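Structure first, then comments.
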Amino acid sequence: MNTEMLAMILAGGQGTRLGKLTRFTAKPAVPFGGRYRIIDFALSNCSNSGVNTVGVVTQYQPLELNAHIQNGASWGLAEKNAGVTVLQPYASSEGEKWFQGTAHAIYQNIAYIDLYSPKYVLILSGDHIYKMDYEAMLAYHKAQHASLTVGVLPVSMDEAPRFGIMNTDETNRIVQFEEKPKHPKSNLASMGIYIFNWAPLKKLLMDSYSTDGRMEDFGHDVIPAYLNRNEPTYAYAFHGYWKDVGTIKSLWQANMEFLEPDNPLDIDDRNWRIYSRNDALPPMFITETAKVHRSMVVDGCYVAGEVDHSVLSQNVKIGTGSVIKDSMIMPNAVIGKNVTIDHAIVGERAIIGDGGQVIGSDDDIAVVGFQEVLGRMEEDK
Amino acid sequence: MRESEMCAVIDLNEPSQDLAPLTNERPVGTMPFAGRYRLVDFPLSAISNAGIRTAGIFLPRSSRSVEDHIRSGQAWDLDTITGGVFSFPYVATRDYSDPVNIHRYYDNYLTFLIKSKSRYVFITGARNVSNLDVNALLQFHQASPNPISAVYRSVPTTMADPDQEGFVLGEDNEVIGFAPSHELPERTSDHTKPISMQMYLTRTDYLIELLSRVQNSGEFTRLPQLLHEEIVSAQANAFEYTGYCATIHDIQSYYQANMDMLNEENFHALLFSQRAIFTKNKNEAPTYFAPEADVLGSLLGTGGQIEGQVRHSVLFRNVTVEDGAHVADSIVMQSSHIGKNAMLSCVIMDKGCIVGPNVKLQGTSSAPIVLAKGTTILDQAAAEEVLQS
């Protein structure tokens with residue numbers, strides 16, 4: 001088999017900063033925007049970019065992620081001699097292969113990558129919300145005769161100290177990498193998106209793990225090694241909506257931005273659709289007692305209360321007299337009657353009994369966890 | 001191949017002339033329903049929920065929309081390695097006075113039935129929208145004396161369409177006659193009539209024998225007619241279906257069945273029961289409700305953009321209702337667009353219709369205005385023209 005470019009999505013993150021939302025699920029499987037899970041963006045970008053061989057590297061709580069991805073058919077990725085493969089850590093005669101870091105996870109899956117003998121390997125993270133054409137990035141990589149191309153996002157100089165910053169020369173060649181610099185020299189933040197020529201990367205990883213085993217992380221170890229060895233390493237600037245949803249606050253914020261009619265993510269763009277695995281659910285039912293404004297609602301929802309500036313995911317029920325404001329409600333959550341929810345994220349399958357209150361603020365988003373039950377419902381007669 | 005318990009025949013050759021213009025380019029079976037579905041989803045889901053993995057689809061004259069919808073049958077678990085969807089094309093030019101063609105007509109059914117290696121066959125159309133438990137029908141059949149079972153529902157005499165056909169039932173609830181509803185005796189206990197749902201269950205070998213017999217006789221009788229005769233001569237066991245059912249046979253019944261889904265009880269009975277209704281999946285974005293949106297008592301599909309007022313209506317996916325528009329008691333199909341300050345009441349808009357700003361279209365619930373697929377009405381003069389024609 002010969003595949004020009006194969007993608008590896010690093011989806012093993014525990015997402016501890018998402019607290020109760022990721023207690024039973026991996027971060028890339030966290031719901032977003034009513035119909036999606038975070039990893040749908042990377043998978044759909046692959047599909048739309050013609051990258052049809054994708055390894056999804058998982059590690060932490062992979063059950064829901066596995067159930068979601070299945071054979072990749074939902075993203076049009078279930079072709080012969082291609083498709084999505086979920087890659088779990090495994091034990092071999094050399095011992096356990098628990099992933100120590102991003103680069104180590106690739107090292108452990110060399111056998112999988114070599115099955116397809118790709119010329120290029122695209123490394124992606126499974127926890128970002130964005131639409132990006134990886135084919136265009138590959139064209140750039142080839143035009144520059146690069147060995148490594150790093151996707152970078154121009155950020156404001158104020159924000160730059162929070163990111164890994166790439167300092168480049170006038171040809172966009174990366175000359176220096178600084179992790180969270182106090183006094184940044186550039187505003188090009190690494191997006192954790194890399195295109196590597198596979199042969200030299202494989203050699204670097206093999207050499208490292210047959211000696212000192214230091215090449216654990218791309219940002220921390222591999223990029224500095226490439227720069228030291230003078231490998232042609234270029235920055236590819238991405239101009240568009242990109243959001244890391246690694247914290248409760250940023251996840252909430254991304255969902256609120258998703259509600260803006262002129263959100264640059266442009267979810268309605270039919271030329272770059274975001275696909276997901278969806279159950280066949282009835283259309284949304286908006287009852288005679290409902291009020292819905294400035295909100296996104298999807299199939300399977302039953303709304304009898306008021307919903308203002310909020311995102312409702314599949315199969316969410318909102319009882320009469322309840323008010324949902326500035327919140328994101330995840331799939332299969334049931335909200336009883338006369339409940340108030342404000343500035344909150346309500347986790348999957350959570351149940352909020354009649355009269356319940358879940359109230360947060362701009363600085364402190366309230367969270368109801370996965371399957372958490374608050375209060376109880378009165379019996380319907 | 002493993003022998004399977006049941007296979008299904010879905011015959012999509014159903015009368016559609018009274019549903020024009022909605023059926024100009026599609027059979028009754030692919031008419032959009034309840035904001036998300038096509039009518040054929042109901043029989044396909046019923047067989048899927050009963051564990052049936054082999055279905056023969058007898059295609060109508062216009063089959064493009066059927067093929068596009070069903071594809072591999074994956075949405076109904078019909079794309080398994082044993083079984084699958086087998087479609088049989090309709091040949092409009094076929095002359096059934098020619099013995100070769102008569103022979104071929106029965107051969108299509110026979111080949112499918114023999115190859116299915118099933119013990120029982122469930123036969124249905126798509127125009128009776130319902131959520132039938134086919135396994136319950138099978139159990140009923142297995143416990144009943146006669147070789148074929150037929151499904152009916154009890155319709156109050158006052159509601160029965162005089163032309164719809166039903167059963168004359170004998171003392172043991174067996175079918176002894178088949179006639180239009182106005183000729184049927186009323187059941188005095190509850191003032192209802194047993195109306196046929198055109199769904200049958202029989203042993204596969206029994207149907208094979210029946211079809212072979214007719215094939216060899218040289219006569220030509222289409223399967224639905226054959227079954228009408230057979231249920232009387234074999235005194236079919238009559239199985240009563242008690243859930244929600246609507247027969248889609250004209251514009252009025254189609255409109256009413258969609259409006260029925262705005263009643264929560266009907267909605268839950270048909271669409272939200274333990275037997276889910278499956279359909280082809282579309283990756284639409286969520287529906288956006290703008291600050292001015294004002295929606296009550298309605299069903300909406302995904303991908304919509306709602307800025308205006310919507311009352312007691314069924315909106316399919318990807319519908320836009322612009323600012324100031326009022327939509328009431330209407331059915332708006334996929335990708336239709338309603339312009340600023342337009343006023344629609346009791347209108348059925350087929351797929352991809354455009355109603356321009358300030359246009360008023362006012363139908364009645366007994367005579368809704370129907371806009372054929374792709375109709376564009378940019379101003380009131382154009383609206384009057386469409387209403388005249």
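The shown structure was predicted, so the numbers you read here are calculated from the model rather than taken from an experiment. Values below: every heavy atom of this structure, side chains too, minus hydrogens, waters and symmetry copies. Note on naming: letters A, B, ... go to the chains in the order of the sequence lines (proteins, then strands), and numbering restarts at 1 for each one.
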Note to self: If I measure from the heavy atoms of chain A, does Ile277(B) come under 4.5 Å with its side chain, its backbone, both, or neither?
What the structure shows: backbone
Note to self: So which atom in Pro283(A) and which in Phe267(B) form the shortest heavy-atom distance, rounded to 0.1 Å?
What the structure shows: O-CZ, 3.9 Å
Next item on the list: Please look at Leu262(B) and chain A and tell me whether the side chain, the backbone, both or neither of the residue comes under 4.5 angstrom of a heavy atom of that chain.
Entry: backbone
Notebook entry, point to check: In terms of heavy-atom pairs under 4.5 Å with chain B, which of Val298(A), Val307(A), Val303(A) leads?
Noted result: Val298(A)
Check: So which part of Ala276(B) gets closer than 4.5 Å to some heavy atom of chain A, the side chain, the backbone, both or neither?
Finding: neither
Check: Relative to chain A, which of Pro291(B), Gly301(B), Gly35(B) shows the most heavy atom pairs under 4.5 Å?
Finding: Pro291(B)
Would you mind checking chain A against chain B for donor-acceptor pairs under 3.5 Å and listing them?
| from | atom 1 | to | atom 2 | distance (Å) |
| --- | --- | --- | --- | --- |
| Arg35(A) | NH1 | Lys282(B) | O | 3.3 |
| Arg35(A) | NH1 | Glu284(B) | O | 2.7 |
| Arg270(A) | NH1 | Glu284(B) | OE1 | 3.2 |
| Arg270(A) | NH2 | Glu284(B) | OE2 | 3.0 |
| Arg273(A) | NH1 | Asn283(B) | O | 3.4 |
| Ser276(A) | N | Asn283(B) | OD1 | 2.9 |
| Leu281(A) | O | Arg36(B) | NH1 | 2.9 |
| Met284(A) | N | Leu300(B) | O | 2.9 |
| Met284(A) | O | Leu300(B) | N | 3.0 |
| Ile286(A) | N | Ser298(B) | O | 2.8 |
| Ile286(A) | O | Gly297(B) | N | 2.9 |
| Ile286(A) | O | Ser298(B) | N | 2.8 |
| Thr287(A) | O | Gly297(B) | N | 3.2 |
| Arg294(A) | N | Phe289(B) | O | 2.6 |
| Arg294(A) | N | Ala290(B) | O | 3.4 |
| Ser295(A) | N | Phe289(B) | O | 3.0 |
| Ser295(A) | O | Phe289(B) | N | 2.8 |
| Val297(A) | N | Thr287(B) | O | 3.0 |
| Val297(A) | O | Thr287(B) | N | 2.9 |
| Asp299(A) | OD2 | Arg36(B) | NH1 | 2.7 |
| Tyr302(A) | OH | Glu264(B) | OE1 | 2.7 |
| Tyr302(A) | OH | Glu264(B) | OE2 | 2.9 |

Checklist line | Side chain / backbone / both / neither for Phe316(B) at chain A, heavy atoms under 4.5 Å | finding: neither
Next item on the list: Give, for atom CG of Leu300(B) and atom CD1 of Ile286(A), the distance between the pair rounded to the nearest 0.5 Å.
Entry: 6.0 Å
Check: What residue, out of Leu281(A), Val311(A), Leu312(A), has the most heavy-atom pairs lying under 4.5 Å from chain B?
Finding: Leu281(A)
